[in-house]
There are 2 protein chains.
Amino acid sequence: MTLGSAPTLDDVAREANVSRSTASRAINGGDRVSPEAQAAVDAAVARLGYTPNRAARSLVTRRTDSIALVVPEPDTMMLTDPFLTGVLRGVTDGIAGTDLQLVLLLNRVDEAPGRIARYLGSGHVDGAIIASAHERHQLEAALTRSHLPAVFVGRPFGEMSHHFVDVDNVEGSRLATQRLVERGCRRIGTVTGPQDMSAGIDRLHGFRETLAAAGLPSEAVAHGDFTAVGGGEAAARLLDEHPDLDGIFAASDLMAEGVLRTLHSRGKRVPDDVAVVGFDDLGVAQHTTPRLTTVHNPVVATTMAATATLLGLLAGAPVPAAPQIFTPYLVEGESA
Amino acid sequence: MTLGSAPTLDDVAREANVSRSTASRAINGGDRVSPEAQAAVDAAVARLGYTPNRAARSLVTRRTDSIALVVPEPDTMMLTDPFLTGVLRGVTDGIAGTDLQLVLLLNRVDEAPGRIARYLGSGHVDGAIIASAHERHQLEAALTRSHLPAVFVGRPFGEMSHHFVDVDNVEGSRLATQRLVERGCRRIGTVTGPQDMSAGIDRLHGFRETLAAAGLPSEAVAHGDFTAVGGGEAAARLLDEHPDLDGIFAASDLMAEGVLRTLHSRGKRVPDDVAVVGFDDLGVAQHTTPRLTTVHNPVVATTMAATATLLGLLAGAPVPAAPQIFTPYLVEGESA
DNA sequence: TTGTATGCGTTATCAC
DNA sequence: GTGATAACGCATACAA
């Protein structure tokens with residue numbers, strides 16, 4: 001160990017008066033090492049401030065000890081979505097206690113497609129958590145090809161061969177829509193999420209099913225993009241086509257915020273003229289005027305579960321039989 | 001190259017009928033390789049789908065080809081700050097075109113301090129971008145000790161030996177405060193950012209200096225934490241102590257949002273009773289009611305500059321003489 | 001339980 | 001311009 005360079009396993013071994021292999025074993029779990037040797041190595045490690053060289057370890061173990069969090073979201077607006085925050089928090093907490101690195105893979109502005117898929121397929125990470133997947137990104141096929149352990153946060157589109165964890169979006173939108181129905185609304189519309197994302201699709205399904213079951217029409221549908229601005233614009237279109245609307249289900253709180261703004265600017269009182277229910281409960285619902293009635297989406301828990309599944313996969317654990325689906329619940333506000 | 005395992009440099013060399021050394025040279029810049037050899041190697045690489053093994057390369061080059069983005073923010077609320085979004089975007093765009101990995105280092109909930117400092121000092125990354133640094137994190141000392149190339153987004157506290165890029169916070173808050181003064185406000189207060197962050201400190205300085213220059217008192221100060229909730233609470237305290245306030249400078253738009261909410265709940269009209277100016281212009285300002293007058297904070301540009309500086313450091317470029325300071329500007333809204 | 005020997009895939013050195 | 005060959009730091013099969 002020359003001055004200035006980091007201590008190596010050899011330095012530790014020398015310091016502890018054992019062989020390199022014994023030092024290695026002591027450091028990695030302590031299997032087949034005498035208590036004395038273990039103590040000597042531990043002491044040497046502490047004294048030298050030794051940290052294993054990740055590259056060298058990777059080279060022989062053929063693992064990188066890092067996982068990727070993929071957010072293939074091309075829209076800058078989307079990044080401000082508290083959803084990403086929750087995902088970040090979930091993954092971060094999920095790998096706490098492990099020595100896994102988190103490599104963040106965001107879509108770059110104006111970049112050619114395929115970079116992320118290529119990266120994932122190139123063995124740079126041991127596994128991946130995929131959030132906010134759009135159908136057009138075609139990550140699923142690439143993932144299938146590369147055999148990289150991966151878990152989706154939110155149901156993927158294609159063959160159900162991918163692992164995923166999700167919130168029950170159909171049930172959530174059912175809760176939201178049912179609330180409007182029970183409140184007495186009879187002309188109910190919805191501002192949907194993107195229809196190339198499973199969350200957007202599922203929440204529209206729940207909406208339609210609930211209204212059908214209640215014997216109410218469900219043709220008042222405007223598509224949003226999970227942003228506040230997009231939600232406001234969708235609400236404007238909705239009101240133009242259906243001026244008599246008395247209830248709106250917005251498929252995300254961010255969009256609901258835009259809906260409230262549009263309603264306000266058109267002089268509609270909430271909830272008296274038009275009742276509104278959102279979806280997510282990730283912080284914005286408490287800050288709207290009036291406070292938003294919404295459906296709680298346990299993003300952090302969902303993402304932590306996804307991370308746990310991925311860790312299991314990496315450890316060679318038996319494959320879970322079915323995806324974990326988390327249950328949403330209604331959160332009282334003043335808007336419906 | 002056995003089936004299922006990734007192709008190695010040896011495979012490429014064999015396929016191209018050259019030695020491993022030549023293949024390596026051809027792949028890394030093509031210095032001292034004949035055009036024929038280069039072409040043969042390129043073809044082989046394409047045919048095999050070869051990607052260099054990062055661990056092996058790291059081991060010999062002693063570089064990891066990855067940089068860390070450090071957000072030592074313990075408060076969950078803070079993560080939702082659009083500031084982080086901008087930083088993320090800036091770093092991501094800043095390393096576009098390189099093959100650098102982005103390793104995200106977030107503070108974990110309830111974690112013992114020092115993990116991030118240890119990680120940075122352990123040679124796992126080639127460099128680091130530090131955002132949202134609080135004084136108590138003591139990253140600066142650790143960074144100085146480890147000699148890890150690092151660039152702060154936002155001025156650090158201690159010795160000025162660290163590289164950093166910043167927005168001119170003093171000038172920004174001067175613009176904001178001056179706007180209130182010119183509008184006719186005479187009893188002006190501020191909701192500050194955390195006083196253990198340079199942005200929080202500097203914005204308070206600009207506020208005080210401007211009022212002093214205008215011959216106005218500046219004792220109406222309440223400390224916030226850069227969150228909407230904290231801003232609202234600070235505004236409440238401010239109004240309790242100074243009921244006659246006719247202008248408030250909030251040191252961030254998120255806090256300004258809380259300020260507006262508090263003013264609304266107390267029946268104060270904005271801007272007629274109390275004018276409000278924020279700071280950041282990262283998306284929330286356009287969505288408040290009324291639309292917020294604020295100061296544009298070029299976070300993405302700032303962070304991209306920080307990333308560029310770091311890349312220069314890694315490339316052994318001459319150290320920039322002085323930190324880059326970006327200039328903020330006022331953005332018209334309806335609140336002041 | 002311990003140590004010896006080997007190889008992981010790459011770049012760098014140095015003869016040719 | 002090219003190709004052997006030696007590290008880089010670590011984990012592990014195998015012998016002791």
Side-chain angles (χ1 to χ4, degrees), chain A residues 1-2 4-42 44-45 48-66 99 101 122-126, chain B residues 1-2 4-42 44-45 48-66 99 101 122-126 314 316:
Chain A
M1 172 187 176
T2 59
S5 69
T8 76
L9 189 56
D10 268 319
D11 299 318
V12 174
R14 198 171 313 120
E15 180 86 7
N17 274 317
V18 297
S19 75
R20 203 175 45 198
S21 21
T22 300
S24 177
R25 278 189 295 258
I27 288 168
N28 300 316
D31 215 25
R32 295 183 320 181
V33 279
S34 63
E36 306 84 54
Q38 180 73 54
V41 171
D42 288 346
V45 165
L48 264 38
Y50 169 77
T51 314
N53 180 311
R54 227 161 171 126
R57 177 178 278 177
S58 267
L59 194 53
V60 45
T61 60
R62 305 170 110 23
R63 311 184 35 189
T64 65
D65 287 331
S66 63
D99 67 338
Q101 271 182 25
S122 297
H124 293 322
V125 291
D126 296 337
Chain B
M1 172 185 174
T2 58
S5 69
T8 78
L9 188 56
D10 270 318
D11 298 319
V12 173
R14 198 172 311 122
E15 181 86 5
N17 273 318
V18 296
S19 74
R20 201 174 48 199
S21 321
T22 301
S24 177
R25 278 190 297 261
I27 287 169
N28 300 317
D31 214 26
R32 297 182 320 184
V33 284
S34 64
E36 307 84 57
Q38 181 74 53
V41 171
D42 288 347
V45 166
L48 265 39
Y50 168 77
T51 314
N53 180 312
R54 228 162 169 128
R57 176 179 280 177
S58 266
L59 193 54
V60 47
T61 60
R62 304 171 109 25
R63 310 184 34 187
T64 65
D65 288 330
S66 64
D99 68 337
Q101 273 183 24
S122 298
H124 292 322
V125 292
D126 296 337
L314 296 182

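The chains referred to below are lettered A, B, ... by the order of the sequence lines, with proteins before strands, and numbering in each begins at 1.
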Going through the checks in order, is the side chain to side chain contact (heavy atoms under 4.5 Å, CB included) test met by B:T8 and B:D11?
CA-CA 5 Å; B:T8 78; B:D11 298 319; 3.5 Å; yes
Test log, rule side chain to side chain contact (heavy atoms under 4.5 Å, CB included), inputs A:H124 and B:T51:
CA-CA 10 Å; A:H124 293 322; B:T51 314; 4.0 Å; yes
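Not counting sequence neighbours, A:N17 has no partner by the side chain to side chain donor-acceptor pair (under 3.5 Å) test. Residues meeting the side-chain contact (heavy atoms from CB on, under 4.5 Å) test with B:A26, sequence neighbours left out: B:V33, B:Q38, B:V41. Taking the side chain to side chain donor-acceptor pair (under 3.5 Å) definition, one finds that B:D126 meets it with B:T64, sequence neighbours left out. Taking the side chain to side chain donor-acceptor pair (under 3.5 Å) definition, one finds that B:S19 meets it with B:T22, sequence neighbours left out.
First and last contacts of DNA chain C with chain A, using any nucleotide atom under 4.0 Å from a protein heavy atom and ordered 5' to 3', fall at C:dT1 to C:dG9. Where DNA chain D meets chain A (any atom under 4.0 Å from a heavy atom), the bounding nucleotides read 5' to 3' are D:dG9 to D:dT12.
From one end of the helix from C:dT1-D:dA16 to C:dC16-D:dG1 to the other, with five pairs defining each end axis, the axis direction shifts by 30° (rounded to 10°).
Pairs engaging residues 17-39 of chain B under the salt bridge (Lys or Arg N to Asp or Glu O under 4.0 Å) rule: B:D10-B:R20 [sequence neighbours left out].
Looking at every heavy atom in both residues, B:A44 comes nearest to B:V12 through CB-O, 3.8 Å.
Using a 4.0 Å heavy-atom criterion, one finds that B:L9 contacts the bases of the nucleic acid, with or without backbone contacts as well.
Within residues 51-60 of chain B, the residues that have a heavy atom under 4.0 Å from DNA chain D are, in order of number, B:L59, B:V60. Listed by residue number, the members of residues 17-27 of chain A with any heavy atom below 4.0 angstrom from DNA chain D are A:R20, A:S21, A:S24.
Checking A:V33 against B:R32, the closest nucleotide of DNA chain C that is more toward the 5' end is the one next to A:V33.
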Ignoring hydrogens and angles, write down the donor-acceptor pairs under 3.5 Å from the side chains of residues 54-62 of chain A, residues two or more places apart or on other chains.
unit_1, atom_1, unit_2, atom_2, d
A:R54, NH2, A:D65, O, 3.2
A:R54, NH2, A:D99, O, 2.3
A:R57, NH2, A:N28, OD1, 3.0
A:S58, OG, A:R54, O, 3.4
A:S58, OG, A:R63, O, 2.5
A:T61, OG1, A:R57, O, 2.8
A:T61, OG1, A:R63, N, 3.3

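Note that the CG atom of B:L9 and the OH atom of B:Y50 stand 4.5 Å from one another [nearest 0.5 Å].
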